[in-house]
Amino acid sequence: MIQGQELAISTSSLTKQFGSQKAVSGISLSVPRGSVFGFLGPNGSGKTTTIRMLLGLADASEGEIELLGHPIPKQLEQALPKIGALVEGPAFYPYMSGRNNLIRIDSADRFSEAKTRKQRVDAALERVGLSNASKKKVHAYSLGMKQRLGLANALLKPREILILDEPTNGLDPQGTREVRNLIRSLAAEGITIFVSSHLLSEIEQLCSHLAVMTAGKIVAQGNIQELRNESQTRLVLKSDRIDELVDVLKGQGLSKISLKSDHVVVPVPTEFDVATLNQLLVKKKFMISEIRLEQPSLEEYFVNLTGEGFEVVR
Ligand SMILES: Nc1ncnc2c1ncn2[C@@H]1O[C@H](COP(=O)(O)OP(=O)(O)O)[C@@H](O)[C@H]1O
Ligand SMILES: [Mg+2]
């Protein structure tokens with residue numbers, strides 16, 4: 001296992017077996033401190049099961065976990081106070097105000113200090129932008145507000161890691177934006193955020209790092225920018241006289257040219273000099289209506305990797 005203080009979460013060969021099915025199969029996660037780490041995978045790929053093991057809510061069948069250097073479940077009690085989690089929608093009483101719900105939950109926590117309770121509850125409500133709505137009954141909250149209340153609950157104490165299982169699931173676009181913005185501002189404070197989602201677009205917008213799960217296994221992991229750079233750059237060219245254009249490109253040493261109805265796409269080195277090619281084509285009197293470099297989307301990259309798609313909402 002990768003040891004050390006630079007990792008907020010690490011697992012090695014983590015496995016969860018349900019009967020004969022391996023819901024999680026030998027995964028090794030390395031979540032750097034301070035990262036916003038996306039845990040991406042289609043429904044049923046093992047995200048929630050993994051998160052439940054991280055939090056000591058389920059036993060691992062095999063493998064090891066460390067949270068902030070604490071082996072889990074052995075040192076769960078030392079680790080948990082530093083970790084806020086939003087796994088299942090927490091049970092709020094609908095006819096109690098948001099504020100009173102948090103006070104009730106905090107009172108039930110034997111590790112919580114009663115003296116600072118009200119102050120901590122108000123600070124958490126402030127942080128998620130619910131101060132003005134804190135006296136409203138929860139049944140009058142929008143879904144986005146309920147989810148933010150869930151996050152406030154996770155933030156009742158100072159946290160080093162937040163573990164969020166599909167925090168925008170079921171939210172409307174407005175609620176989704178609210179929760180995303182909140183995650184961004186928490187990340188800006190330096191809290192490590194581990195967030196699962198089945199939506200690539202969500203992870204791309206929020207995260208610095210990710211791991212991609214398919215059928216209980218990690219198929220890609222790392223810094224998103226670095227993963228993006230691993231995919232091949234291509235040149236897109238729209239012009240008249242496409243057939244002649246292809247000959248010119250071949251003359252420039254380019255190959256694997258794919259011909260579309262009114263444009264061509266061709267893989268090129270990352271540092272490809274578009275301006276010089278453009279100059280050459282203009283000299284040869286081509287009517288160029290479009291010339292640009294394109295990086296394949298992460299989605300294409302992962303589809304190539306896993307042979308399946310992700311639900312994408314843009
Ligand atoms: N308590 C359980 N008993 C049996 N099978 C389970 C249990 N929890 C999850 N599974 C199975 O494990 C797989 C992964 O589920 P889950 O971790 O919930 O995936 P995700 O969160 O990525 O949608 C699924 O096939 C699911 O049916
Ligand atoms: Mg899940």
Side-chain angles (χ1 to χ4, degrees), residues 9-31 35-65 67 72-73 76 83-92 143-144 146-148 150-151 153-154 161-172 175-176 179-180 183 192-207 209-222 224 227 298-299 301-303 305-313:
I9 302 173
S10 72
T11 73
S12 91
S13 310
L14 185 63
T15 297
K16 180 72 183 184
Q17 188 124 13
F18 290 116
S20 61
Q21 185 207 4
K22 274 189 179 161
V24 175
S25 187
I27 68 170
S28 296
L29 281 167
S30 299
V31 178
S35 63
V36 181
F37 194 102
F39 195 38
L40 176 69
N43 289 327
S45 57
K47 304 182 298 295
T48 299
T49 304
T50 302
I51 287 174
R52 290 176 55 81
M53 289 190 282
L54 294 181
L55 293 169
L57 298 170
D59 292 331
S61 308
E62 278 169 54
E64 292 163 58
I65 301 170
L67 298 182
I72 301 298
L76 195 61
I83 295 159
L86 186 61
V87 180
E88 285 125 16
F92 294 122
L143 279 174
K146 279 184 194 151
Q147 199 68 335
R148 283 191 281 145
L151 282 161
N153 175 45
I161 305 177
L162 276 183
I163 296 181
L164 312 173
D165 193 14
E166 307 234 18
T168 61
N169 227 5
L171 298 187
D172 60 9
T176 300
V179 168
R180 257 188 218 148
I183 291 175
T192 305
I193 297 180
F194 185 81
V195 54
S196 77
S197 176
H198 61 285
L199 299 174
L200 175 61
S201 60
E202 174 124 313
I203 299 289
E204 274 190 291
Q205 289 178 48
L206 274 177
C207 299
H209 294 69
L210 95 173
V212 184
M213 284 280 275
T214 326
K217 294 201 168 86
I218 292 177
V219 292
Q221 177 169 208
I224 291 191
L227 288 172
L298 275 178
E299 188 188 16
Y301 177 68
F302 294 142
V303 167
L305 222 57
T306 63
E308 63 179 289
F310 291 95
E311 200 178 315
V312 177
V313 178

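For reference, positions follow the sequence shown, starting with 1. All ligand and atom numbering here is 1-based and tracks the order in the structure.
Not a single protein heavy atom sits closer than 4.0 Å to atom 26 (C) of ligand 1.
Relative orientation of the F37 and H209 rings is parallel, given thresholds of 30° and 60° on the angle between their planes.
The atoms of ligand 1 that sit less than 4.0 Å from any heavy atom of N43 are 23 (O). Short contacts between ligand 1 and S45, defined as distances under 4.0 Å to a heavy atom of the residue, involve ligand atoms 19 (O), 20 (P), 22 (O). The atoms of ligand 1 that sit less than 4.0 Å from any heavy atom of P42 are 22 (O).
A 4.5 Å side-chain heavy-atom check between M213 and I27 finds at least one atom pair inside the cut-off. Contact of the L54 side chain with the I72 side chain is not registered, since no non-hydrogen atoms from C-beta on lie closer than 4.5 Å. In this structure, the side chains of T176 and E202 come closer than 4.5 Å at one or more pairs of heavy atoms. With contacts defined as side-chain heavy-atom distances shorter than 4.5 Å, the pair E166/N43 qualifies. I9 places a side-chain heavy atom less than 4.5 Å from the side chain of L67.
Here the closest heavy-atom approach between residue S196 and residue D165 is recorded as OG-OD1, 2.5 Å. In terms of heavy-atom proximity, G175 sits nearest to D172 at N-OD1, 2.7 Å.
To the nearest 0.5 angstrom, H198 atom NE2 is 10.5 Å from I203 atom CD1.
For T48, the nearest N, O or S atom to the Mg ion (ligand 2) falls under 2.8 Å.
The shortest N/O to N/O separation between K47 and ligand 1 falls below 3.5 Å. Residue G44 has at least one N or O atom closer than 3.5 Å to an N or O atom of ligand 1.
Protein heavy atom at the shortest distance from atom 19 (O) of ligand 1 is G46 N, 3.1 Å. Counting protein heavy atoms only, atom 11 (C) of ligand 1 is closest to Q21 OE1, 3.8 Å. The nearest protein atom to atom 12 (O) of ligand 1, hydrogens excluded, is given as A23 CB, 3.2 Å; this is a heavy-atom distance. With respect to atom 4 (C) of ligand 1, the closest heavy atom belonging to the protein is F18 CG, 3.4 Å. The protein heavy-atom contact nearest to atom 18 (O) of ligand 1 is T48 CB, 3.8 Å. Nearest protein heavy-atom neighbour of atom 16 (P) of ligand 1: T49 OG1, 3.6 Å.
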